[in-house]
There are 2 protein chains.
Amino acid sequence: MGLFSKDIKTMDDLFLHQLGDIYYAERRIVVALPDMVAKAHTPDLKRAFQNHLEETKGHVQRIEQVFEMHGSKPKSVTCPAIDGILKEANEVAGDVDDENVLDAALIAAAQAVEHYEMTRYGTLIAWAKSIGRDDCAQVLQETLAEERHADTLLTKIAESEVNQAAA
Amino acid sequence: MGLFSKDIKTMDDLFLHQLGDIYYAERRIVVALPDMVAKAHTPDLKRAFQNHLEETKGHVQRIEQVFEMHGSKPKSVTCPAIDGILKEANEVAGDVDDENVLDAALIAAAQAVEHYEMTRYGTLIAWAKSIGRDDCAQVLQETLAEERHADTLLTKIAESEVNQAAA
């Protein structure tokens, strides 16, 4: 993702590059989610993806807010990890016939996305605090809470509805 | 990662493909970790990477055990997500000068790996149970516990030693 280019000298540089990484990732997710909404079969899953799409648009705005608080211009940093995870999510849409098995695969793909985001926000919050930017940490914490909630909801839908129907 | 090829008809197929995905990932991590051990500066971090390398070799064996319990031959499924995450981890090794900032970046990269593994094992355990293979779920649960512990330890090292030293 070009995160670790040679101009990273300080924790502040590292923080900004990581912020650019998750900015890229969130914007890619905004583009990817409508297809997952369309492909999901179980109504609760379709609704969860739709709600998370709206939340994700808010996450993009929060990142722009943090860039601004930091006194920097929002800048994306290409991230092959999220590209790979989303590539898998796209592939599932066309490659599993059974609706319930497809839903199980869509949930797995979405939870891989959520976990990537959770680790990146967790890191960003810790780094923001270490450089004395508790204000930035607080904004990022709001998004982390929503990512965790989305992940928990997907587990619930998988275990209470999808997995048994697919098995 | 080829997870969702068109021959995935059932949850059992999906389980086996996902198992091949994490098999590929764990073997890639075994190859990647020695370089992270070598590059880490903080003694506790170096030790944590070294210990996790030994654990990861055990994870590979457990996956082979689960394939065997299932009556299948171990088979890797290429996964661009882990390739992308590890590419970032390699890049950091040569691209940050300051030792403490490098340690912070190494921890972030390793936690992205851990989170990828946690989501995949979590999914595999749920799917194993749904297809009546609680025996497979139990073996995979042992690895998930070790991944979670490794992640928690990295957070502790970051917050108690690395981040403040780097800031």
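Labels below follow one simple rule: chain letters A, B, ... track the order of the sequence lines, proteins then strands, and each chain is numbered from 1. These values consider heavy atoms only, across backbone and side chains, with no hydrogens, waters or symmetry-generated copies.
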#### Entry: Top of B:His115, B:Met11, B:Met118 for chain A proximity - count of heavy-atom pairs under 4.5 angstrom
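Of B:His115, B:Met11, B:Met118, B:His115 has the most heavy-atom pairs under 4.5 Å with chain A.
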Part of [range] lying next to chain B, heavy-atom separation under 4.5 Å:
range: residues 151-167 of chain A; result: A:Glu159, A:Asn163, A:Gln164, A:Ala166, A:Ala167
range: residues 56-65 of chain A; result: none
range: residues 139-146 of chain A; result: none

### Message
Within this structure, what is the SG-CD1 distance for the pair A:Cys79 and B:Ile85, rounded to the nearest 0.5 Å?
### Response
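A:Cys79 SG to B:Ile85 CD1: 8.0 Å, rounded to 0.5 Å.
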### Summary
Rounded to the nearest 0.5 Å, the OG1 atom of A:Thr119 sits from the CD1 atom of B:Ile107 at a distance of 11.0 Å
What are the two closest non-hydrogen atoms of [X] and [Y], and how far apart are they?
X: A:Val101; Y: B:Ile8; value: CG1-CG2, 4.4 Å
X: A:Arg120; Y: B:Ala108; value: NH1-O, 3.4 Å
X: B:Ala104; Y: A:Leu14; value: CB-CD2, 4.1 Å
X: B:Tyr116; Y: A:Ala112; value: CE1-CB, 4.5 Å
X: A:Pro80; Y: B:Gly84; value: CB-CA, 4.0 Å

### Task
Please collect all salt bridge (Lys or Arg N to Asp or Glu O under 4.0 Å) contacts where either partner lies in residues 127-137 of chain A, sequence neighbours excluded, each pair once.
A:Arg133-A:Asp135
### Flag side-chain contact, heavy atom, 4.5 Å: B:Asp98 against A:Lys9
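No, every pair of side-chain atoms sits at 4.5 Å or beyond.
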### Query
Should A:Gln111 and B:Thr123 count as side-chain neighbours, where that means a heavy-atom distance under 4.5 Å?
yes
